[in-house]
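Notes follow once the structure below has been shown.
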2 protein chains.
Amino acid sequence: MPYKITIADIARELNTTPATVSRALSNHPGISDKTKKSVHEAASQLNYKRNRMASSLRSGKTHLIGVIIPSAEINFFGSVVHGIESVANLHGYNVLLYQSNENREYEEKGLESFLSARVDGILVSIAKDTIDYSHFREIKKRGVPIVFFDRTNDDIGIDSVVIDDYKGAFLATEHLLSKGYKRIAHISGPQHLKNFYDRLRGYMGALQANKIKVEPSLIYHGNISIESGREGVHHFWALPDPPDAIFATEDFTALGAISELKERKIKIPGEVGVIGFANELFGKHITPSLSTVDQQTIQMGKSALNLLVDLIEKKEINRQRQQKIVLEPLLIGRDSSEKAAKIK
Amino acid sequence: MPYKITIADIARELNTTPATVSRALSNHPGISDKTKKSVHEAASQLNYKRNRMASSLRSGKTHLIGVIIPSAEINFFGSVVHGIESVANLHGYNVLLYQSNENREYEEKGLESFLSARVDGILVSIAKDTIDYSHFREIKKRGVPIVFFDRTNDDIGIDSVVIDDYKGAFLATEHLLSKGYKRIAHISGPQHLKNFYDRLRGYMGALQANKIKVEPSLIYHGNISIESGREGVHHFWALPDPPDAIFATEDFTALGAISELKERKIKIPGEVGVIGFANELFGKHITPSLSTVDQQTIQMGKSALNLLVDLIEKKEINRQRQQKIVLEPLLIGRDSSEKAAKIK
DNA sequence: TTGAAAGCGCTAACAT
DNA sequence: ATGTTAGCGCTTTCAA
């Protein structure tokens, strides 16, 4: 008997009708203050809780936002979800969370589940394994408001919130140059994800802007993991002329690279400078502390949710063209990228 | 027009009735395979998605689990949520996430919101600021299935999943002793939270079991933060006879202590041994790597969800007495607690 | 300012 | 094995 009380009960109690009670509870204009007051009193006295299933069914609004992230275990996404959730509550929305585990099949299941739950809108950060985007096209076609964040794709005409990955990578690379490093290598991530593609381009852009030739052998293609970082170092130090700095496409990759370099007794910084991307929590506390690029996670969550709410609340407008919010990356200089040894 | 298709449409298409379609879609026994097949075909052909609002309203089951965590930004909770969510999906439940931000007011709002959404069950890790538990009593009274995880309270008769904090603390303290440390200090957390209370007791228990007197001056009361760790060191090293090891009530506190000790040029390990609690991601990668106690986060999430599902699915049974699942803590020995210097 | 009545889409009891 | 009917609890015309 947890949820027995309905508006009908309140109506009976006050000798009025469900319609009046409903209106009073949602502060409908044409209801006398006296009635409103007595209804609210009776409601809280009877411990009434509006049944959102019934309400949604009738009104067509669920006040539910579906959020798909690759994994709640990854700090970055937890942090973005934190941002999303805090603003969602302010707008009266609840967050339905779904993890894709970087897997396109689960991702699609999440979307199905959201459709079935009739969420008012969807927020997605695309799974690593997703290369075919038809499930998102389907959502788009159905007209369900959807916004990508961080892991996005521009080809489907879906709005998105990202940071400027190109610029972040550009800044990171120039930072290494400014510290006196000359041969800068890059360990990249999956190129079908725009972020990592853009970071690679930003890296190349910075080199070119400084009249340095891009050497393909100094680019190692990893897959966003500690292992990739280690493998990158493996690869680079098998070259006749290894690099003197590494820009890793995200912090875990940088961490792997640092561990491997340390095992090889290569001095960081000095002999080799390292910078990552993401500003994960651990970076500040490892030795050497990791220079990185901050992605403004909380702000990203907030912006994504605000954009989605705009879509939900004034659907017809803004439908002309794809919106894209680009946040500024923040360079965080720490020890791992300190000055290159003057030798050479 | 995103969601126009209903079972009535399918029924019309196939010259049958909504009831048959409904039954066919949920694989009701008494429906011919032929009908089932044609219904399923028509459904997927028309792109039908079951309306869960309607279904829930009628059946009384929402297949929604409400989860309240202090913050998605904290890795530990992200990880538990990961565990919860993965099993929830297997059971056909969706997770509604709410963050309390360690604040009792938000916590209560989350519960209200869950009641209104008619969730089938609730999972909560209690906020740091919560000292009055009446809102949970209210949930209990309403008969809504609820399970605490990690941050729990035993006085309300609510089932819970925790790790054995006492034992974990006991193990951590004995570990330091076994490495040759003699004067072991403890930086604790908020004592109204059972975890931190138990860890303090475990620390004292281990000392007593080894015939070592507990010195109140070697216990510093912190509040689960990097700052607390620093303050603890401040406090201890103002004593005439500082400790030679620190057991911190969680990893961030340990991290603060280590940073402060490093700044004071005190050697870890050797001069001072340090161990934390939680097995946060960064511990493996800081220098020295942090010894700690693993809390089996994923398992905790899974167990909590399984326990909740049990409550939901066979309510009357098990209602006699409070259930409590206690997971085993896992000691993780790393560098920060290596052997004490033999000097002295 | 309020009431009466219909219906959102689905499921389940009761037929047949 | 399938159809008929009622109704979950709410919101929303339309009418008074």
Side-chain angles (χ1 to χ4, degrees), chain A residues 1-40 42-43 46-64 92 113 115-120 142, chain B residues 1-40 42-43 46-64 92 113 115-120 142:
Chain A
M1 58 181 62
Y3 297 118
K4 271 241 139 41
I5 296 100
T6 72
I7 48 172
D9 297 322
I10 300 178
R12 210 172 307 118
E13 191 86 355
L14 301 173
N15 269 314
T16 176
T17 64
T20 303
V21 174
S22 171
R23 286 191 269 246
L25 286 173
S26 32
N27 265 304
H28 192 93
I31 291 283
S32 76
D33 285 356
K34 187 155 144 278
T35 310
K36 277 184 189 167
K37 188 155 163 282
S38 60
V39 166
H40 276 108
L46 293 173
N47 240 314
Y48 167 80
K49 299 274 180 263
R50 172 197 257 122
N51 184 329
R52 260 185 6 203
M53 298 302 130
S55 164
S56 299
L57 181 59
R58 182 64 237 248
S59 68
K61 267 215 111 207
T62 57
H63 296 277
L64 245 34
S113 167
L115 288 181
S116 186
R118 300 297 192 267
V119 298
D120 290 340
R142 277 176 176 261
Chain B
M1 55 180 64
Y3 296 118
K4 270 240 139 40
I5 296 100
T6 72
I7 48 172
D9 296 322
I10 300 179
R12 210 172 307 118
E13 192 85 357
L14 301 173
N15 270 312
T16 177
T17 64
T20 304
V21 174
S22 171
R23 286 191 270 245
L25 286 173
S26 32
N27 265 304
H28 192 94
I31 291 282
S32 76
D33 286 356
K34 189 157 143 277
T35 309
K36 277 183 189 167
K37 189 155 161 283
S38 60
V39 165
H40 277 107
L46 294 174
N47 240 314
Y48 166 81
K49 299 275 179 262
R50 170 197 259 125
N51 184 327
R52 260 185 7 205
M53 297 303 130
S55 165
S56 299
L57 180 60
R58 181 64 235 249
S59 69
K61 269 214 109 205
T62 57
H63 296 278
L64 246 33
S113 168
L115 288 181
S116 185
R118 299 296 192 267
V119 297
D120 290 339
R142 278 177 174 261

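Letters A, B, ... are given to chains in the order of the sequence lines, protein chains preceding strands, and every chain is numbered from 1.
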Is it the case that D:dG9 (base atoms only) and A:Arg52 (side chain only) share a donor and an acceptor within less than 3.5 Å, ignoring hydrogens and angles? no
[X] side-chain N/O to [N] phosphate OP1/OP2 under 4.0 Å:
X: A:Thr35; N: C:dT2; answer: yes
X: B:Thr20; N: D:dG3; answer: yes
X: A:Ser26; N: D:dT11; answer: no
X: B:Arg50; N: C:dT11; answer: yes
X: B:Ser55; N: C:dG9; answer: no

Cut-off 3.5 Å, side chains only: do A:Ser113 and A:Ser116 have a donor facing an acceptor? no
For the pair made of [atom1] in [X] and [atom2] in [N], what is the distance, rounded to whole Å?
X: B:Arg12; N: C:dC10; atom1: CZ; atom2: P; answer: 12 Å
X: B:Lys37; N: D:dA1; atom1: NZ; atom2: P; answer: 17 Å
X: A:Ile10; N: D:dT11; atom1: CD1; atom2: C1'; answer: 15 Å
X: B:Ile7; N: D:dG3; atom1: CD1; atom2: P; answer: 13 Å
X: A:Arg118; N: C:dC10; atom1: CZ; atom2: C1'; answer: 11 Å
X: A:Asn15; N: C:dG3; atom1: CG; atom2: C1'; answer: 13 Å
X: A:Arg23; N: D:dA15; atom1: CZ; atom2: P; answer: 14 Å

Hey, could you give me the [atom1]/[atom2] distance between [X] and [Y], rounded to the nearest 0.5 Å?
X: B:Asn47; Y: A:Arg142; atom1: CG; atom2: CZ; result: 4.5 Å
X: A:Leu64; Y: A:Arg52; atom1: CG; atom2: CZ; result: 6.0 Å
X: B:Thr17; Y: B:Arg23; atom1: OG1; atom2: CZ; result: 6.5 Å

Per nearest nucleotide of DNA chain C, the residue lying toward the 5' end, B:Arg58 or A:Thr17, is A:Thr17
A:His28 or B:Ser59, whichever maps to the more 5' nucleotide of DNA chain C: A:His28
Among C:dT11, D:dT2, C:dG3, which is the nearest nucleotide to the side chain of B:Ser32? D:dT2
Given C:dG9, C:dC14, C:dT2, the nucleotide with the shortest approach to the side chain of A:Ile31: C:dT2
Please check if the number of heavy atoms outside A:Lys37 that lie under 6.0 Å from its NZ is greater than 12. no
By nearest nucleotide on DNA chain D, pick out whichever of B:Thr16 and A:Ser22 is the more 5' one. B:Thr16
